[in-house]
Visitor: 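Structure in C-alpha cells, see below.
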Amino acid sequence: MSLNPQSLPAAVSADAQAQAVDAAITSRMSARAFTPQPVPREVLTAILDVASRAPSGTNTQPWKVYVLQGRSRDDLVAKVCAAHDAVRADPSLAAQYREAYDYYPDKWVSPYIDRRRENGWGLYGLLGIGKTDKDRMHEQHQRNFRFFDAPVGLMFTLDKVMGRGSLVDYGMFLQNIMVAARARGLHTCPQAAWNGFANIILPHVGAGPDEMLVCGMALGHADATDVVNTFHTPRVPASEFTTWLD
Ligand SMILES: Cc1cc2nc3c(=O)[nH]c(=O)nc-3n(C[C@H](O)[C@H](O)[C@H](O)COP(=O)(O)O)c2cc1C
C-alpha cells in the first residue's frame, strides 16, 4: 500500500518530525495583541490549504471561511464595536444579538467554572484590571472586536442543515489553521466573542441565509512587547483526565 504523497518527508528524522510538530502545537497560544505587519495572501492560502486536510465525518468538509483584511476588516470592526458600545449604553439591545448555538453551558458547574474564573481573572490581573473596573473590562472585551489589532480576521460558518458532529469536525479544522500558522511564525486567537453579533457579521461578509457563524479568529504577527501575550494558561496533566483500561 503506498502512502499518501503528502506524508512527512523521509529525509527528516523521526525525532525532528516529532519536535517540529510538537513545537507547532505547544507554541500555539491565544495571542491578544498583534503588530500591523500584513500577512501575504500566499501564506494565508497555504495555511488554509493545509488546514483543509482536517478529517471530517464521511469527508463532509463542512467549513466555509471568510478572510477579512483592509477595508472589509476595518468596516466590520467599526460596526461591531459600535454595536458593543450601544449594548453597554442600553442593555435591552442585547436581545437583538443572539448566538446560533450555545458555545457555553447555561449553568456552570465545577471544575469548569473554576477554570473559567482562573482564566478570566488571571488575564485581567495581568492587565491590572480590577473587579470593579467596568470601563476597562469593556475596553478589553472590545479588543476582541478589533481582532486584537491583527491585520487578518477570519470568520467561519457552517451550513445550518448540518448536525452537531460538524462542530467536532470544525474544531479540527480550526486547530489545523492555528498550528499551520505557528509553523509559519504567525499567531492566532480563536474568538467566540463575535458569535453574538452574527446578524451584523453574516451580511457583512456576504454569507447566505443557510449559514451560521461558528466563530471568528484573529491572525497575524504577535506583538512580543505587549504584556498580554505573556499570559500562559495551565493544563490539567494527561494523568488526571486519562483512565487506562487493560
Ligand atoms: C472556539 C474558541 C473560542 C474562543 N473565544 C475567545 C474569545 O472570544 N476571546 C478570547 O480572548 N479568547 C478566546 N478563546 C481563547 C481561550 O480563552 C484560550 O484558548 C484558553 O484560555 C487557553 O489558552 P491558550 O489558547 O492561550 O492556550 C477561544 C478559544 C476557543 C477554542
Side-chain angles (χ1 to χ4, degrees), residues 22-34 51 54 62-66 68 76-77 80-81 83-84 87 94 97-105 108 111-127 129 136-150 152-158 164-182 186-198 200-201 212-224 226-238 241:
D22 290 359
I25 293 171
T26 57
S27 68
R28 186 215 56 78
M29 50 159 287
S30 296
R32 295 186 179 88
F34 291 84
W63 33 81
K64 190 158 183 186
V65 185
Y66 296 90
L68 292 98
L76 182 69
V77 164
V80 175
C81 285
H84 183 233
V87 170
Y97 301 112
R98 302 192 67 80
E99 301 176 349
Y101 67 101
D102 292 332
Y103 185 72
Y104 294 111
W108 283 93
Y112 316 109
I113 182 68
D114 314 313
R115 293 176 191 157
R116 176 177 168 84
R117 286 193 180 125
E118 180 190 19
N119 193 62
W121 292 122
L123 182 64
Y124 283 167
L126 180 70
L127 298 175
I129 302 176
R136 287 202 57 209
M137 275 185 206
H138 179 78
E139 237 173 70
Q140 178 57 29
H141 188 59
Q142 189 166 98
R143 289 197 40 75
N144 272 288
F145 309 126
R146 301 178 191 285
F147 291 108
F148 301 108
D149 299 329
V152 182
L154 304 172
M155 288 292 162
F156 301 96
T157 69
L158 173 66
R164 282 204 291 177
S166 292
L167 288 174
V168 178
D169 303 336
Y170 229 114
M172 300 183 216
F173 175 67
L174 295 169
Q175 173 75 350
N176 273 1
I177 291 177
M178 295 188 279
V179 172
R182 281 308 300 127
L186 298 162
H187 274 92
T188 53
C189 185
Q191 298 179 277
W194 293 99
N195 293 8
F197 294 104
I200 298 175
I201 297 161
M212 64 175 241
L213 185 65
V214 174
C215 68
M217 186 183 289
L219 186 152
H221 294 268
D223 182 348
D226 195 312
V227 69
V228 76
N229 286 337
T230 64
F231 186 58
H232 288 295
T233 50
R235 293 294 189 272
V236 173
F241 61 73

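Not measured: the values here are computed from a predicted model. Only this structure's heavy atoms are used, side chains among them; waters, hydrogens and symmetry mates stay out. First listed ligand is number 1; within each ligand, the first listed atom is number 1.
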Visitor: Pick, from S30, C215, A218, G216, the option with the minimum heavy-atom distance to atom 15 (C) of ligand 1.
Guide: S30
Visitor: Starting from atom 22 (C) of ligand 1, find the nearest protein heavy-atom neighbour and note its residue, name and distance.
Guide: T233 OG1, 3.6 Å
Visitor: Please check if any side-chain donor atom of R146 sits under 3.5 Å from a side-chain acceptor atom of Q142, or the reverse.
Guide: yes
Visitor: For atom OH of Y101, is the number of surrounding heavy atoms from other residues, nucleotides or ligands below 6.0 Å larger than 12?
Guide: yes
Visitor: Checking T233 against R235: is there a side-chain donor and acceptor pair closer than 3.5 Å?
Guide: yes
Visitor: If every non-hydrogen atom of L126 is compared with every non-hydrogen atom of V227, which pair is closest and at what distance?
Guide: CD2-O, 3.4 Å
Visitor: So among Y66, F156, F145, Y103, which one has a ring-ring contact (aromatic ring centres under 6.0 Å, His included) with W194?
Guide: F145
Visitor: Just heavy atoms, cut-off under 4.0 Å: does N144 contact ligand 1 by side chain, backbone, both, or neither?
Guide: side chain
Visitor: Determine whether any heavy atom of R28 lies closer than 4.0 Å to an atom of ligand 1.
Guide: yes
Visitor: Using a strict cut-off of 4.0 Å, indicate which atoms of ligand 1 neighbour a heavy atom of N119.
Guide: 17 (O), 21 (O)
Visitor: Side-chain contact test, heavy atoms from C-beta onward, threshold under 4.5 Å: evaluate it for M155 versus V214 and give yes or no.
Guide: no
Visitor: Relative to the heavy atoms of Y103, which atoms of ligand 1 are at a distance of less than 4.0 Å?
Guide: 1 (C), 2 (C), 3 (C), 30 (C), 31 (C)
Visitor: Looking at ligand 1, would C189 count as a contact under a 4.0 Å heavy-atom criterion?
Guide: yes
Visitor: Applying a strict 4.0 Å limit to heavy atoms, is R235 in contact with ligand 1?
Guide: yes
Visitor: To check your reading of the model: name the closest protein heavy atom to atom 3 (C) of ligand 1, its residue, and the distance in Å.
Guide: A192 N, 3.4 Å
Visitor: Test of understanding: given a 4.0 Å heavy-atom threshold, classify the contact between F231 and ligand 1 as side chain, backbone, both, or neither.
Guide: neither
Visitor: Under 4.0 Å, heavy atoms only, figure out whether ligand 1 is touched by the backbone of R32, its side chain, both or neither.
Guide: side chain
Visitor: If you compare all heavy atoms of M212 against all heavy atoms of A100, which two are closest, and at what distance to 0.1 Å?
Guide: CB-CB, 3.8 Å
Visitor: Could you establish whether F148 and ligand 1 come within less than 4.0 Å of each other, counting only heavy atoms on the residue side?
Guide: yes
Visitor: Kindly state whether the ring of F34 and the ring of F148 have centres lying under 6.0 angstrom apart.
Guide: no
Visitor: What atoms of ligand 1 come within less than 4.0 Å of a heavy atom belonging to M29?
Guide: 26 (O)
Visitor: Thinking salt bridges, do R143 and D149 make one under a 4.0 Å N-O criterion?
Guide: yes
Visitor: Looking at non-hydrogen atoms alone, which of A193, P190, A31 comes nearest to atom 13 (C) of ligand 1?
Guide: P190
Visitor: Protein heavy-atom contact under 4.0 Å for atom 20 (C) of ligand 1?
Guide: no
Visitor: Do Y104 and R116 have side-chain heavy atoms sitting under 4.5 Å apart?
Guide: yes
